[in-house]
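Okay, structure first, notes after.
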Amino acid sequence: VQLQASGGGLVQAGGSLRLSCAASERAFSSYTMGWFRQAPGKEREFVAAIRPSGGRTYYADSVKGRFTISRDNAKNTVYLQTNSLKPEDTAIYYCAAGGWGDPFKDHEYDYWGQGTKVTVSS
C-alpha cells in the first residue's frame with residue numbers, strides 16, 4: 001500500500017488544517033488507519049487512529065477535542081481535521097496503515113506515508 005499525505009502548511013495559533021492521506025489500493029477499507037507526528041528533536045508519537053469501518057476512533061490526550069479523524073473508504077482516503085492548533089502541534093504528520101493490534105503503537109502499522117509538515121506560529 002502506498003500512502004500519500006497532504007494538507008500541511010503554516011498556520012497561526014488557533015487556526016485549522018485538514019490533512020488528507022490517500023491510499024493506493026482498495027484494500028484500504030480493511031486497514032486501521034493512524035496518524036502520527038514527529039516534532040524536531042522528539043520521538044514520533046501517536047495522534048489518532050480509526051478502525052476499518054470508521055466505527056471506532058482513538059486520540060492522544062493532547063489532541064482530544066481539537067482533532068477529528070475520519071475516513072472515506074470509497075475514496076481510499078483518511079482525514080485529520082485539526083482545529084485550535086497550538087505551537088506545540090508543530091511537527092511532520094505521518095499517516096499509516098495496518099494497526100492490527102494496539103492502534104496507539106507505531107510498530108503495529110505496516111505501511112507509512114512520506115509525511116506532511118505542519119507549522120503553527122504563535
Side-chain angles (χ1 to χ4, degrees):
V1 178
Q2 291 184 328
L3 303 173
Q4 181 71 41
S6 61
L10 173 63
V11 63
Q12 289 187 332
S16 301
L17 286 172
R18 189 193 196 201
L19 308 185
S20 300
C21 176
S24 62
E25 63 179 60
R26 294 180 180 179
F28 168 86
S29 63
S30 66
Y31 295 116
T32 291
M33 297 299 297
W35 286 96
F36 290 75
R37 67 186 182 186
Q38 187 167 19
K42 295 187 177 181
E43 293 187 352
R44 185 167 61 190
E45 65 175 1
F46 170 80
V47 176
I50 186 167
R51 290 300 192 189
S53 67
R56 289 289 303 272
T57 57
Y58 309 84
Y59 296 95
D61 288 343
S62 59
V63 307
K64 204 171 292 183
R66 300 188 298 121
F67 291 10
T68 302
I69 189 170
S70 62
R71 66 190 298 161
D72 185 338
N73 287 342
K75 295 182 178 181
N76 292 352
T77 302
V78 62
Y79 305 97
L80 186 68
Q81 179 66 44
T82 65
N83 298 328
S84 302
L85 283 162
K86 305 174 181 180
E88 52 263 44
D89 294 317
T90 295
I92 297 176
Y93 284 70
Y94 299 90
C95 61
W100 313 114
D102 186 341
F104 293 86
K105 304 298 184 184
D106 58 3
H107 64 258
E108 294 285 353
Y109 294 82
D110 296 322
Y111 307 101
W112 291 82
Q114 87 291 354
T116 185
K117 187 174 182 180
V118 173
T119 304
V120 185
S121 63
S122 58

Which atom of [X] lies closest to which atom of [Y], heavy atoms considered:
X	Y	result
Arg51	Gly101	NH2-O, 3.2 Å
Lys42	Gln38	O-NE2, 3.1 Å
Thr77	Ser20	CG2-CB, 4.3 Å
Val78	Ser70	CG2-O, 3.1 Å
Ser30	Pro52	O-CG, 3.5 Å

Could you tell me the separation between the [atom1] atom of [X] and the [atom2] atom of [Y], rounded to the nearest 0.5 Å?
X	Y	atom1	atom2	result
Ile50	Thr32	CD1	OG1	9.0 Å
Trp35	Thr116	CH2	OG1	7.0 Å
Cys95	Gln114	SG	CD	7.0 Å
Ile69	Thr82	CD1	OG1	12.0 Å
Glu88	Ser122	CD	OG	10.0 Å
Phe46	Glu108	CZ	CD	12.0 Å

* Asked: Does the distance from a Lys or Arg side-chain N to an Asp or Glu carboxylate O, for Asp89 and Lys86, drop under 4.0 Å?
  -> no

Cluster question for you: counting only ILVMFWY and a side-chain heavy-atom cut-off of under 4.5 Å, with indirect links fine, are [X] and [Y] together?
X	Y	answer
Tyr109	Phe104	yes
Tyr79	Tyr93	no
Phe36	Phe67	no
Leu80	Tyr111	yes
Ile92	Val11	no

Any donor-acceptor pair under 3.5 Å from [X] side chain to [Y] backbone:
X	Y	result
Arg71	Phe28	yes
Arg66	Ser84	yes
Asn73	Ser53	no
Asn76	Glu25	yes

* Can you find a pair of side-chain heavy atoms, one from Ser62 and one from Arg37, that are under 4.5 Å apart? -> yes

* Report yes if the side chains of Met33 and Leu3 come closer than 4.5 Å at any heavy-atom pair, otherwise no. => yes

* **Modelled atom types, side-chain donor and acceptor of Trp112 and Asp106, under 3.5 Å** => no

* Asked: Is the number of heavy atoms from other residues, nucleotides or ligands under 6.0 Å of Gln2 CD greater than 12?
  -> no

